[in-house]
Amino acid sequence: LQDVNGSFSGDKKIIVVFVLGGPGSGKGTQCTKIVENFGFTHLSAGDLLRAEIKSGSENGTMISNMIKEGKIVPAEVTIKLLQKAMLEGGNNKFLIDGFPRNEENRAAFENLTKIEPEFILYFDCPEEEMERRLLSRNQGRVDDNIETIRKRFRVFVESSLPVVEYYELKGKVRKVDALKPMDEVFETVKAIFAPFHTKVSF
């Protein structure tokens, strides 16, 4: 159900949590656990863009060409894909991962969807540790060489940290120490998500 301005109608409040953290901060793993334990739908902006490209749609071709030319995909395009996924998901609780990547994304998301995130889950991890993790990931990811990794960090710090700071002023950031072992990190995450625990009724 959508009304004219693109916000969601219906009685259920839409809950959106932005998940941010540098490359290698372990947020992917934690998102999976949040989905399993708290019934959120996990949406990754990057995955949605990749899926759209794969679909061969006109939109996908446009996105693909922009990426090839080294251009940044406009915020509106990514947000429309996120909105579509949210509407089709049939859930009202969403983890949006790796988004907003910058201030422009953030402003556009709030303007277009009229949704303010419930909070930002920020995985705080020292650069040396993220570097170590990425290099030891033997998944043969082409982009995991030291130069590329450092470039990805710089982009994260320059673009995404201002988003974290913006929400910090609003008291909406839940910072997680991502240096700890995975299970300990999840204990912290569990405490943050406790209010959203859906009781299973038998």
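Not measured: the values here are computed from a predicted model.
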Hydrophobic cluster identity match, [X] and [Y], side-chain contacts under 4.5 Å:
X	Y	answer
Met66	Leu48	no
Val155	Val164	no
Met182	Phe38	no
Leu134	Leu179	no

Side chain to side chain contact (heavy atoms under 4.5 Å, CB included) between Thr41 and Val35, intermediate numbers included = CA-CA 6 Å; Thr41 296; Val35 168; over 6 Å; no
Does the [X] side chain pair with the main chain of [Y], one donor and one acceptor, at a distance under 3.5 Å?
X	Y	result
Asn91	Gly39	yes
Thr113	Phe109	yes
Thr32	Gly28	yes

request  = Decide, yes or no, whether a salt bridge links Lys180 with Glu187 under the criterion of side-chain N to carboxylate O below 4.0 Å.
outcome  = no
query = Between Glu129 and Arg133, is there a salt bridge with N-O shorter than 4.0 Å?
reply =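 Looking at Arg133 and Glu129, the cut-off is met.
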Less than 4.5 Å apart, any side-chain heavy atom of [X] and any of [Y]?
X	Y	value
Glu118	Val16	no
Asn105	Thr78	no
Met86	Asn92	no
Leu20	Val163	yes
Val185	Phe123	yes
Ser160	Asn102	no
Pro117	Val17	no
Met62	Glu58	no

Interatomic distance, [X] atom [atom1] to [Y] atom [atom2] [nearest 0.5 angstrom]:
X	Y	atom1	atom2	value
Met130	Arg152	CE	CZ	10.0 Å
Ile14	Lys114	CD1	NZ	15.0 Å
Lys54	Leu49	NZ	CG	13.5 Å
Asn59	Lys84	CG	NZ	8.5 Å
Glu76	Gln83	CD	CD	11.0 Å
Glu52	Ile63	CD	CD1	5.0 Å

request  = Evaluate the salt bridge (charged side-chain N to carboxylate O under 4.0 Å, His left out) criterion for residues Arg150 and Glu127: first the C-alpha distance (whole Å), next the side-chain angles of each, then the deciding distance (0.1 Å), finally the verdict.
outcome  = CA-CA 9 Å; Arg150 289 193 175 146; Glu127 201 165 306; 5.4 Å; no
Looking at every heavy atom in both [X] and [Y], which two are closest together, and how far apart are they?
X	Y	value
Glu168	Val173	N-CG2, 3.4 Å
Pro162	Ser159	CD-O, 3.4 Å
Pro23	Phe153	O-CE2, 3.5 Å

task = Applying ring pair (Phe, Tyr, Trp, His ring centres under 6.0 Å), name anything that partners Phe40, two or more places apart in sequence or on another chain.
result =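 Phe193, Phe196.
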ask   = What about Tyr167 and Tyr122, are their ring centers closer than 6.0 Å?
value =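 Not under 6.0 Å, so no.
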query = Got more than 12 heavy atoms from elsewhere within 6.0 Å of CZ, Arg101?
reply = no
query = What residue among Asp124, Leu121, Val19 forms side chain to side chain contact (heavy atoms under 4.5 Å, CB included) with Val176?
reply = Leu121
Side chain to side chain contact (heavy atoms under 4.5 Å, CB included) between Thr61 and Ile53, worked out = CA-CA 6 Å; Thr61 310; Ile53 292 170; over 6 Å; no
query = Taking it one step at a time, do Leu82 and Ile96 satisfy side chain to side chain contact (heavy atoms under 4.5 Å, CB included)?
reply = CA-CA 8 Å; Leu82 285 167; Ile96 299 185; 4.0 Å; yes
inquiry  = Could you tell me if Lys33 sits above the aromatic ring of Phe186, with its cationic atom closer than 6.0 Å to the ring centre and no more than 45 degrees from the axis?
reply    = yes
query = What pairs meet the side-chain hydrogen bond (donor to acceptor under 3.5 Å, both in side chains) rule with one or both residues in residues 20-31, with sequence neighbours excluded?
reply =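 Every side-chain hydrogen bond (donor to acceptor under 3.5 Å, both in side chains) pair that includes a residue of residues 20-31, provided the two are not neighbours, is Lys27-Asp97.
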ask   = Does the side chain to side chain contact (heavy atoms under 4.5 Å, CB included) test come out yes or no for Ile192 and Phe119, once each step is laid out?
value = CA-CA 10 Å; Ile192 293 170; Phe119 59 87; 3.6 Å; yes
